[in-house]
Amino acid sequence: MLFNSLHFLLFFPIVTILFYLLKHKWRWILLFIASTYFYSAFYLPYILILYAIIIVDYFCGLLIEKRQGKVKLFWLLFSIISNIGLLAYFKYFNFFIDIFHVFVPQKLHHLDILLPIGLSFHTFQSLSYTIEVYKGNQKAEKHLGYFANYVLFFPQMVAGPIEKYSTLGKELRAKHKFKYKNISNGLRLILYGLFVKMCIADNLAPLVNEFYLNPTHYYSSSAWIALFAFSIQIYADFYGYSTIAIGAAALLGINLMDNFKQPYFASSFYQFWQKWHISLTTWFRNYVFFPLGGSYVNSFRWVFNILLVFSLSGFWHGANYTFIIWGFLHGLFYLLEKGLVKFYPETIRQNVFFKFLGANITFILVTLIWVFFRAENFDKAILVLSQCFTYGFDASLNLKISFELISMLVIFLLLEIAIFNTRVDHFFKNSHVIFRWTGYIILIISLLLFSGIQSFQFIYFQF
Amino acid sequence: MKKLFYKLCILLPLFVFCLLTTNYFYVKYYYWSNAEAIDAKLLFTQDSLENCSDVLYYAESSNATAANTDTCLQSISQIIDSLSPLKVNAVDHGAIHARTFLQLIKNLKTDSKVKTIIVTLNSRSFGSPWINSHLETNIAQANVMYEPNLPIFKRIKLSFNGYDNKSIQLRDQDLEKDWSSVKLNVPESFPYKTVRQWDNAMAKGTYLLPNGEWDMPKITLACHYIKTYAFPIDLNTNPRIKDFDEIVYIAKQKNIKLIFHLLAENVQYADSLVGKELVNIMHQNKQLLIDRYHKDGVTVVNSFELVNGLDFIDQDWTTEHYNQTGRLALAKNVLKYLQ
């Protein structure tokens with residue numbers, strides 16, 4: 001079920017009303033049924049995969065807590081292999097088969113299966129639980145229902161934010177009373193999330209798709225427009241989803257972590273990764289980078305660790321070399337930046353002009369690197385990049401941007417500037433009543449009149 | 001809770017007011033451009049034709065597609081119009097089906113000049129390949145525009161995915177499921193009970209060239225005929241049946257004479273490429289449709305075997321595209337029932 005669907009607009013109010021009508025002790029059953037229904041609406045059979053993850057990690061959690069030494073480690077490894085195994089089978093099998101074919105002439109068949117929506121998200125979330133239990137930071141959950149809801153919780157199950165059990169588990173267990181504040185904040189977040197997804201991302205998607213279909217048909221000016229358009233599209237798409245997810249959870253009184261903090265205003269790559277897909281960055285930092293030694297290793301190893309973590313994070317997104325290159329390039333620029341920063345004194349780094357310059361350079365570089373994320377293969381990515389600089393001698397087309405789209409982008413930019421360092425619900429809450437209601441009306445009218453007429457699935461659903 | 005209730009009392013009327021105002025601006029500035037953007041142009045076509053036509057001919061691409069070699073490019077509806085004293089116009093668009101016809105017919109005004117409607121009854125459209133076609137999402141989207149609703153509601157439905165927008169992968173999966181599991185109406189002695197079994201058997205070298213190699217173009221075409229025409233029509237679940245049934249109901253309500261035009265299929269090629277078992281299935285489906293709608297009092301023009309195999313434009317695929325001879329034959333056949 002998509003957030004931007006009539007189905008969800010009907011489903012969610014029913015769940016919310018029932019949630020507050022039910023006694024606390026029964027609510028986990030409602031959330032379990034609602035989450036199962038929500039996921040089954042995509043493709044019914046794949047709910048069994050989620051149930052399998054729940055069962056395996058629930059029992060692994062209990063066994064890890066009870067056992068010591070090698071047996072404890074065995075159950076952790078069992079959980080990791082089960083989760084990563086599922087991911088490898090559904091997501092990476094065909095990719096590995098292709099690599100196998102490079103070395104061995106014998107032909108193996110590709111799997112002709114659908115990738116379960118959001119598999120990378122719920123395996124990573126569930127894995128974080130068993131790892132935390134192993135480390136002794138988290139007590140094993142005895143109640144299968146609550147644990148199931150942690151993996152299944154419908155607002156964030158298919159595209160995050162990836163939450164730790166210590167936070168989401170506590171939220172799911174807490175007794176939530178009906179509060180007007182939660183309802184208004186939740187609705188504000190949902191409204192803004194829908195605007196960002198439907199008016200920005202869905203309007204930019206046709207433009208980007210048109211260009212990427214035949215990049216050589218377009219002038220270099222159009223190539224740059226398409227590159228920036230994708231940069232904004234992917235942000236709006238994922239940010240929109242996360243905002244709706246946080247808003248939907250807030251309506252039920254459940255707090256989810258913020259996944260974005262205006263990443264395109266970041267003045268460096270380091271800052272960018274503190275503001276972009278925060279929950280995934282945190283996951284890789286805690287469960288890959290730190291176990292590799294983190295920063296407490298020699299310089300050579302540290303460089304290796306950084307590049308490995310960024311490349312792995314790229315690979316997490318998809319079974320394609322392009323994603324690995326995307327991650328690797330981010331790691332490379334991160335390292336270059338770290339190296340350069342040492343030459344500039346603190347006073348210069350804090351200077352407003354240099355921050356502004358840094359933000360622009362970071363945004364342009366991030367935009368260029370997105371090409372590897374968007375292109376279907378390496379050759380296409382190089383073709384797109386070359387199109388930006390060759391002035392397209394064979395090109396004959398320009399991408400057309402409507403006045404309405406420009407208006408939407410201006411509203412989006414102004415709101416993003418306005419909510420800098422805060423969140424949209426807090427921003428509206430603290431605004432003057434006239435300004436607040438003008439804002440609501442503009443967002444609603446934009447949704448009614450200017451939302452994308454074609455539907456595009458949330459990009460991160462495929463991961 | 002009280003605070004929320006009071007707010008709702010103010011907000012709901014305000015919301016309705018906003019909705020109606022937005023609807024006004026939407027119709028004035030964006031409605032038609034939106035309809036064009038999602039290829040729902042028949043909205044204008046029907047609007048402009050219903051006050052100057054006695055008969056409307058609802059069709060997919062079968063009506064107007066012509067061969068490169070045709071000297072006469074008239075569509076079936078234009079031929080009917082030229083041969084009939086009645087004014088006949090077409091509401092046609094490639095790849096559409098009963099659901100689109102239904103929505104359009106619902107939109108016919110009560111004071112419309114139209115007294116008769118002819119709707120193409122394309123037996124191929126009842127099969128799984130068309131029901132699960134990759135074009136279905138776009139057609140479903142356009143159908144939202146054809147629904148007889150307030151324009152702003154249609155816009156909301158489009159924005160919030162209020163139509164069948166299953167992914168291509170899921171559609172393919174449903175199609176494969178049908179091909180592998182739906183039992184065909186074939187004699188007990190026939191070895192292949194599903195499309196998949198039949199198709200696999202056909203693909204394994206039924207046709208050989210004199211040099212001993214497989215005749216791949218012929219095998220591909222034969223397999224395609226099997227996948228396209230070998231299906232049973234379940235009267236209870238087939239979505240096209242539901243749509244055609246509703247068309248019958250709406251036409252009766254609007255007091256409009258309804259004619260179903262059962263389109264010609266290339267039965268000759270089906271016979272020569274695959275065999276009598278496939279032809280039997282095609283005939284079973286044809287008869288089922290004729291019987292069902294005769295029973296409902298609808299005039300069914302049977303053109304099923306009216307066109308010679310060579311008069312189909314696409315010789316290497318299954319379509320209902322006819323050359324000028326074929327179109328003339330069909331038009332004359334319809335004309336008999338119109339007068």
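Labels below follow one simple rule: chain letters A, B, ... track the order of the sequence lines, proteins then strands, and each chain is numbered from 1.
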- Pick one of side chain, backbone, both or neither for B/K166, based on which atoms fall under 4.5 Å of a heavy atom in chain A. neither
- Message: Can you tell whether the side chains of B/D199 and B/R196 come within less than 4.0 Å, N to carboxylate O?
- Response: yes
- Message: Taking the basic N atoms (NZ, or NE/NH1/NH2) and the acidic carboxylate oxygens, is any pair closer than 4.0 Å for B/K109 and B/D47?
- Response: yes
- Note on the structure: If one checks every heavy atom of B/Y26 against chain A at 4.5 Å, the contacting part turns out to be both
- Query: Side chain, backbone, both or neither: which part of A/F8 has a non-hydrogen atom closer than 4.5 Å to chain B?
  - Reply: neither
- Message: Between B/N34 and chain A, with a heavy-atom cut-off of 4.5 Å, which part of the residue counts as in contact: side chain, backbone, both or neither?
- Response: both
- Residue part contacting chain A, namely of B/Y163, when any heavy atom lies under 4.5 Å: side chain
- Message: Are there over 12 heavy-atom neighbours, none belonging to B/K193, within less than 6.0 Å of that residue's NZ?
- Response: yes
- Answer yes if the side chains of B/R155 and B/T22 hold a donor-acceptor pair under 3.5 Å, and no otherwise. no
- Check each atom of B/Q169 against the heavy atoms of chain A and say whether the ones under 4.5 Å are side chain, backbone, both or neither. both
- Query: Are any of the side-chain heavy atoms of B/F160 and A/M198 separated by less than 4.5 Å?
  - Reply: yes
- Message: Salt bridge check, B/K106 against B/E246: does any charged N sit closer than 4.0 Å to a carboxylate O?
- Response: yes
- Query: What part of B/I38 lies closer than 4.5 angstrom to a heavy atom of chain A: side chain, backbone, both or neither?
  - Reply: side chain
